[in-house]
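To keep things clear, I will list the structure first and then write my remarks on it.
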Amino acid sequence: MHARRALVRRPSAALAGGIVTHIERRPVDARRALMQWQGYVAALARAGWQVREVMPLPGCPDGVFIEDQVVVYGDLAVLCRSGAPARWPEQAGVAAALVAEGYRVARIEAPGCLDGGDVLKHDGTVWVGLGGRTNADGVWQLGELLGPLGARVVGRPVSKVLHLKSAVTALPDGTVVGHEPLVDDPRVWPRFEAVPEESGAHVVVLDAQTVLMAASAPRTAAMFRRRGLHVLTVDISEFEKLEGCVTCLSVRLRG
């Protein structure tokens, strides 16, 4: 396997029809979304990541949110089974892309449900959001699959946002960051730091000193820079209208 690769999927022209759950639907400009997606992919490439595009799915509005389709841990890729059946067709092409990158593949089976956006990993612990898209059986199955690899899988309730990583993500040092009004219980995190903007809770760790985040959180970006982090920002406003964030637009393969 090769380190620092990312899987992405081009947005569908039908993007505006994507599912929304916790926000009001707003018009989405598909052309602008494509330009923003290209900017996101370019940012990954500039940071030294090799980008691999998974087969496009014109009939799947949410297909661009590829992170929801798989959880990668070590050399194992666990294909998800979303709690939203309309998203099941998005599995097309994902397994083949992961096998081509050298990963073993397993699957979450019924009655389990799991979305990759509900999974936050750091230093051997895998936190999984329990909410609308992920159920207890999905968490249990993930624990059975990742336990032999040394992972500790822990469920966390999610009720205020779509996914766990819509509420919190982790900085390179393991500090969990979140916009407190959208976090069910900040006390469950050993190290929690509140951020002033909703999208400031969403970071992609690119290396030990670099994070990628949305341009819509400038105060949070400044806060992270004061911590000594190198912060890259991208405009993903069209995807934010569909509860998307920087984490869900790629699957990072760290080797």
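- Between the side chain of Ser12 and the backbone N or O of Pro58 there is at least one donor-acceptor pair closer than 3.5 Å.
- Seen from the ring of Trp189, Arg156 counts as a face-on cation partner, given the 6.0 Å and 45° thresholds.
- With values rounded to the nearest 0.5 angstrom, Cys248 atom SG is found 6.5 Å from Glu67 atom CD.
- A pairwise comparison of heavy atoms in Cys60 and Pro89 identifies SG-CB, 4.0 Å as the closest pair.
- Checked against Lys165 for a side-chain contact (heavy atoms from CB on, under 4.5 Å), the options Thr247, Asp68, Val158 give a single hit: Thr247.
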| request: Give the intermediate values and the outcome of side-chain contact (heavy atoms from CB on, under 4.5 Å) for residues Phe239 and Val28. | output: CA-CA 8 Å; Phe239 301 103; Val28 174; over 6 Å; no

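- Between Arg9 and Glu53 no salt bridge is recorded (no basic side-chain N to carboxylate O distance below 4.0 Å).
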| message | Checking Val119 against Val126 for the side-chain contact (heavy atoms from CB on, under 4.5 Å) test, could you report, in this order, the C-alpha distance in whole Å, the side-chain angles of both residues, the deciding distance, and whether it holds? | response | CA-CA 7 Å; Val119 179; Val126 179; 3.5 Å; yes

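- In this structure the side chain of Arg87 reaches within 4.5 angstrom of the side chain of Asp115, judged on heavy atoms.
- Residues Arg152 and Asp123 are not paired through a salt bridge, judged by the lack of any N-O separation under 4.0 Å between the basic side chain and the carboxylate.
- No donor-acceptor pair closer than 3.5 Å links the side chain of Arg5 to the backbone N or O of Glu101.
- Between Arg81 and Glu109 there is no salt bridge, since no side-chain N of the basic residue sits under 4.0 Å from a carboxylate O of the acidic one.
- Results of the side-chain contact (heavy atoms from CB on, under 4.5 Å) test with Ser250 over Leu212, Leu44, Val41, Val51 single out Leu44 as the only residue that passes.
- With hydrogens and angles left out, the side-chain atoms of Asp184 and Ser159 include a donor and acceptor closer than 3.5 Å.
- Here Leu120 contributes atom CG and His163 contributes atom NE2; the two are 13.0 Å apart, rounded to the nearest 0.5 Å.
- Going from atom CZ of Phe224 over to atom OG1 of Thr175 covers 9.5 Å, rounded to the nearest 0.5 Å.
- In terms of heavy-atom proximity, Ala214 sits nearest to Ile236 at CB-CG1, 4.0 Å.
- With rounding to the nearest 0.5 Å, the separation of CE in Met223 from CZ in Arg226 is 7.5 Å.
- Without hydrogens or angle criteria, Arg25 side chain to Ala16 main chain gives a donor-acceptor distance under 3.5 Å.
- Under 4.0 Å is where a charged nitrogen must lie from a carboxylate oxygen, and between Asp185 and Arg187 at least one such pair does.
- Across all their heavy atoms, Val94 and Gln69 have their closest contact at CG2-CB, 4.2 Å.
- Under the side chain to side chain donor-acceptor pair (under 3.5 Å) criterion, Glu193 pairs with Arg227, sequence neighbours left out.
- Residues Leu76 and Leu253 do not share a hydrophobic cluster, defined by chaining ILVMFWY side chains whose heavy atoms lie under 4.5 Å apart.
- Val195 and Ala201 get closest at one heavy-atom pair: CG2-N, 3.7 Å.
- Residues Leu142 and Val78 meet the side-chain proximity criterion, which asks for heavy atoms closer than 4.5 Å.
- Residues Gly74 and Tyr103 share a closest heavy-atom pair of O-CE2, 3.3 Å.
- Going from atom CG of Leu162 over to atom CG of Leu182 covers 12.0 Å, rounded to the nearest 0.5 Å.
- Side-chain contact of Ser166 with Glu243: a donor-acceptor pair under 3.5 Å is absent, judged by distance alone.
- Val203 approaches Ala170 most closely through the heavy-atom pair CG2-O, 3.5 Å.
- Using a 4.5 Å cut-off on side-chain heavy atoms (C-beta onward), Val71 and Ile108 make no contact.
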| query | So Gln36 and Ser237, side-chain hydrogen bond (donor to acceptor under 3.5 Å, both in side chains) or not? Walk me through it. | reply | CA-CA 8 Å; Gln36 291 178 349; Ser237 59; 2.9 Å; yes

